[in-house]
Number of protein chains: 2
Amino acid sequence: MAAGQQKTRTTRIQARNREAILTAALEVFSTFGFRGSTLDQIAEVAGLSKPNMLYYFGSKDAIHAELLAGLLDTWLDPLRALDPEGDPVAEIIAYVHRKLEISRLYPRESRLFANEILQGAPRIMAALAGELKELVDEKAAVLKLWADAGRIAPLPPHHLIFSIWALTQHYADFDVQVRAVLGEGHDPFAEADAFLDTLFRKLLAP
Amino acid sequence: MAAGQQKTRTTRIQARNREAILTAALEVFSTFGFRGSTLDQIAEVAGLSKPNMLYYFGSKDAIHAELLAGLLDTWLDPLRALDPEGDPVAEIIAYVHRKLEISRLYPRESRLFANEILQGAPRIMAALAGELKELVDEKAAVLKLWADAGRIAPLPPHHLIFSIWALTQHYADFDVQVRAVLGEGHDPFAEADAFLDTLFRKLLAP
DNA sequence: TGGCGATTTGACCATCTGGTAGAAATTGCG
DNA sequence: CGCAATTTCTACCAGATGGTCAAATCGCCA
């Protein structure tokens, strides 16, 4: 019988194992992609046997779906926090820093997302065209108001948001390339933090 | 005996089939990643039987390797063309446009590359730390000279190059997300072309 | 401590996948 | 045309993979 339902409450063991499985799956899926990952691989990282893992999540798809479901919120939270009442430049710069910080702290989540999009977003297209588009349109409207009021430079708001995504996620998704090109003795994220601050301050100045 | 070697020259059939295989493999690999793609899939797209395909390329790895080998040059050419003797801002802006044009024309190549990097660049790490780093260091030195001479804004040259890559490739690799968020009635690449022109002109102004 | 549901396991299965063997068909060239 | 080299196809294989199942073990608490 599947875990966590009807008469019995969630046990300590359930919580521990589900957590272990999701952590392991994130590690493996984000590195090899969905079809490139195997249940044996995930089970080994999680420290469980394959049948035992399947006792908690009925299928490979179920594990992947659970990961993706939790992802979009983490993804959108920093943008939600952009305050229409705040100082325009300060708000946008703060968003850039938050987004970069998330790239630094959660590179595996970033890569999982990137993998999904690269493959045509078969499992989250609905969320992209729904929830995501809605939030972006809302915030883009705020940016447009700021631009019209002359408080930031007049830039296409959607593309301004895209540019923040592109620049911050690049440091997570293309980490190995960044490090390979920079060579030894660099802290990519620290440098990026300073660089992006400069970049957007200059770009946004009216 | 493998195709194209010793006593016999490359035949018309060889050229046609190798081309068909590589085109099909690019399509499939760039969509599903290496491990997510199957030989049957590629063979079907190429219009050949699997054994026939393996007659031209001995293994799945061989096909993939051939694709990657050709990739880096296409990738670096636009940067090579950056002329140290030219006008700084014009040269950099031209590079941005070239890179975006390549994203538009060769999105599959871009995604193939992104897939490889996302998975830790196991097959092209050497090229990244060698050929790529070398070229980037060389051009970064040029950017630094321009900055020191006050002809462009003083920005960390490596990160300036990264920002060009991130912004242009985003429109190829995250195409589905961009289109989902923009909705109907947009030409992402045309808009990006104008936006990035504005962005870098503003950023580079001393 | 006995009992019962929750958890874990080993053995197993059907399918898929990369790759091979060798015969048959086709091609190109003197 | 005649024939050797090239190209293609059918049949097949061994290993990997996602998933199942019945039996064994664990852990909680009445």
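Note on naming: letters A, B, ... go to the chains in the order of the sequence lines (proteins, then strands), and numbering restarts at 1 for each one. Not measured: the values here are computed from a predicted model.
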*Asks:* By the ring-ring contact (aromatic ring centres under 6.0 Å, His included) test, which pairs, at least two apart or in different chains, include something from residues 13-35 of chain B?
*Replies:* B/F29-B/F34, B/F29-B/H64, B/F34-B/H64
*Asks:* Let me have a per-nucleotide readout for nucleotides 12-19 of chain C, 5' to 3', with B, S or -, counting only protein heavy atoms under 4.0 Å.
*Replies:* -----SBB
*Asks:* Atom CE of A/M53 and atom P of D/dC21: how far apart are they, to the nearest Å?
*Replies:* 18 Å
*Asks:* Is there any ring-ring contact (aromatic ring centres under 6.0 Å, His included) pair reaching into residues 82-127 of chain A, and which pairs are they, with sequence neighbours excluded?
*Replies:* A/W75-A/F113
*Asks:* For A/E27, which residues count as a salt bridge (charged side-chain N to carboxylate O under 4.0 Å, His left out) partner, sequence neighbours excluded?
*Replies:* A/R108
*Asks:* Is it true that atom CZ of B/R16 has more than 12 heavy atoms of other residues, nucleotides or ligands lying nearer than 6.0 Å?
*Replies:* yes
*Asks:* Could you list the residues that satisfy side-chain contact (heavy atoms from CB on, under 4.5 Å) with A/E134, not counting sequence neighbours?
*Replies:* none
*Asks:* Ignoring backbone atoms, test whether A/Y55 places a side-chain nitrogen or oxygen under 4.0 Å from the OP1 or OP2 oxygen of D/dT20.
*Replies:* no
*Asks:* Can you find a side chain N or O atom of A/S49 that sits less than 4.0 Å from OP1 or OP2 on C/dT8?
*Replies:* no
*Asks:* Rounded to the nearest Å, what distance is computed from the CZ atom of residue B/F57 to the C1' atom of nucleotide D/dT8?
*Replies:* 17 Å
*Asks:* Please report, rounded to the nearest Å, how far the C1' atom of D/dG27 is from the CZ atom of A/R12.
*Replies:* 10 Å
*Asks:* Side-chain N or O of B/N52 versus OP1/OP2 of D/dT7: is the shortest distance under 4.0 Å?
*Replies:* no
*Asks:* How many whole angstroms separate atom CD1 of B/I21 from atom C1' of D/dT7?
*Replies:* 12 Å
*Asks:* Among residues at least two apart in sequence or on other chains, which ones pass salt bridge (charged side-chain N to carboxylate O under 4.0 Å, His left out) with A/K50?
*Replies:* A/D40
*Asks:* For D/dT7, does OP1 or OP2 lie under 4.0 Å from any side-chain N or O of B/Q14?
*Replies:* yes
*Asks:* How close or far is atom P of D/dC9 from atom CD1 of B/I13, stated in whole angstroms?
*Replies:* 12 Å
*Asks:* Under 4.0 Å from OP1 or OP2 of C/dT8: is there any side-chain N or O of A/N17 that close?
*Replies:* yes
